[in-house]
Protein chains: 2
Amino acid sequence: MSAHSHTHSDLTKNQSLVMDALSSSEGPLSAYTILDQLRDNGMRAPLQVYRALDKLVEYGLVHRLESLNAFVACRHPNCDSNKTIIFMICEACDKVNEITDAALAKNINKIAASEKFALNKSTVELRGLCPACQTD
Amino acid sequence: MSAHSHTHSDLTKNQSLVMDALSSSEGPLSAYTILDQLRDNGMRAPLQVYRALDKLVEYGLVHRLESLNAFVACRHPNCDSNKTIIFMICEACDKVNEITDAALAKNINKIAASEKFALNKSTVELRGLCPACQTD
DNA sequence: CGCAATCTTGTAATGAGATAACATCACCTA
DNA sequence: TAGGTGATGTTATCTCATTACAAGATTGCG
């Protein structure tokens, strides 16, 4: 099943609220930031947000950034959550660029295979400065 | 300066305690687990552990695993903390294998360059099953 | 229909990870 | 010996995440 087979209409109310919050954000948001933004929409407890996030991540609509303890809406055109995704996180403006790279994915699979490691999930997060923030 | 230019004798008391705890552990430890293990040695507050960990990471003796919020002693023979390190984390036994791969490092640098991203630090963490745990 | 099974939701409380702020101590050096 | 620097100790607080339990909603089937 493709990750994006879930359309917006499939989502529950809370899932839609969280999805919208992430989609309209410039950068990653923490669960508690999302909660604060959605207080007026009936969100009251962290767990409501975390439950929605869990599902959205499962559907491949949202990614979790391990190094930030935060979440971003998937912006990759043909995102397949099974692929290795590379996140480039700007340490100045906090924006995140999300890309895939066939060579790198292949490389990671090769490394795992050579170590006889049964790969389940890859996390690749790069920290640095995005083009816009290097001009300072 | 090479990451491992800091020998054990350079370390302060707290740093040594934390280093020993990590070195003698089979897998990664959280800061609070380390704290609990060292209560009898005078460690009383999280900050004492975090301060030691900060220095040990800075010296390249310890790595932080972003996806686990935990820390491991560096076991790579000629570890240079500037290199891209690949962590393979077993989801069954929690042991961590730490390797470097020149091709992958090159690949990541190439990707960053092609996106005009000024790379500062790379996090590559693979989740799955180690060889020993696949026999189940 | 009516009831049970199951899934989603709401709420409160708590666990786990990390840091801020401030006081103190040890050591080096001019 | 006075003063600077870095390491320590302590308390409180902040952020991130989950457990436990109650209450609705929905589906399936007699």
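First the proteins, then the strands, lettered A, B, ... as listed; each starts at 1. None of these values were measured; they are calculated from a predicted model.
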Could you give the [atom1]-to-[atom2] distance, from [X] to [N], as a whole number of Å?
X: B:K55; N: D:dA7; atom1: NZ; atom2: C1'; value: 9 Å
X: B:L17; N: D:dT8; atom1: CG; atom2: C1'; value: 13 Å
X: A:E58; N: C:dT8; atom1: CD; atom2: P; value: 9 Å
X: B:Y50; N: D:dC16; atom1: OH; atom2: P; value: 13 Å
X: A:N14; N: C:dC7; atom1: CG; atom2: C1'; value: 14 Å
X: A:L68; N: D:dA17; atom1: CG; atom2: C1'; value: 16 Å
X: A:D54; N: D:dT18; atom1: CG; atom2: C1'; value: 10 Å
X: B:Y32; N: C:dG17; atom1: OH; atom2: C1'; value: 6 Å

_Per B:T12 side chain, nearest of listed nucleotides C:dG17, C:dT19, D:dA7_ =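 Comparing C:dG17, C:dT19, D:dA7 against the side chain of B:T12, the answer is D:dA7.
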*Short side-chain N/O contact from B:R64 to OP1 or OP2 of C:dG17, under 4.0 Å*: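 Answer is no, no contact under 4.0 Å.
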_Presence of B:Q48 side-chain N/O under 4.0 Å of D:dT8 phosphate oxygens OP1/OP2_ =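 Checking D:dT8 against B:Q48, no side-chain N or O comes under 4.0 Å of OP1 or OP2.
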_When you compare the side chain of B:V18 with that of B:M43, does any pair of heavy atoms fall below 4.5 Å?_
yes
*asked:* Pick the closest DNA chain C nucleotide for B:R51 and for B:N69 by heavy atoms, then say which residue is nearer the 5' end.
replied: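 In this pair, the answer is B:N69.
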*Would you mind classifying the nucleic acid contact of A:R44 as base, sugar-phosphate or nothing, using non-hydrogen atoms under 4.0 angstrom?*
sugar-phosphate
*Run through A:V124, A:L129, A:L126 and flag the one making a side chain to side chain contact (heavy atoms under 4.5 Å, CB included) with A:M88.*
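Single side chain to side chain contact (heavy atoms under 4.5 Å, CB included) partner of A:M88 among A:V124, A:L129, A:L126: A:L126.
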*Nearest-nucleotide wise, let me know which of A:S30 and B:K13 is further upstream toward the 5' end of DNA chain D.*
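Here B:K13 is the residue nearer the 5' end.
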*A:E66/A:R64 salt bridge by N-O under 4.0 Å criterion*: yes
*Heavy-atom pair with the smallest gap, counting every atom of B:P131 and A:E115*: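 Closest approach of B:P131 to A:E115, heavy atoms only: CG-O, 3.4 Å.
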_Aromatic ring proximity A:H63/A:F87, centre distance under 6.0 Å_ = yes
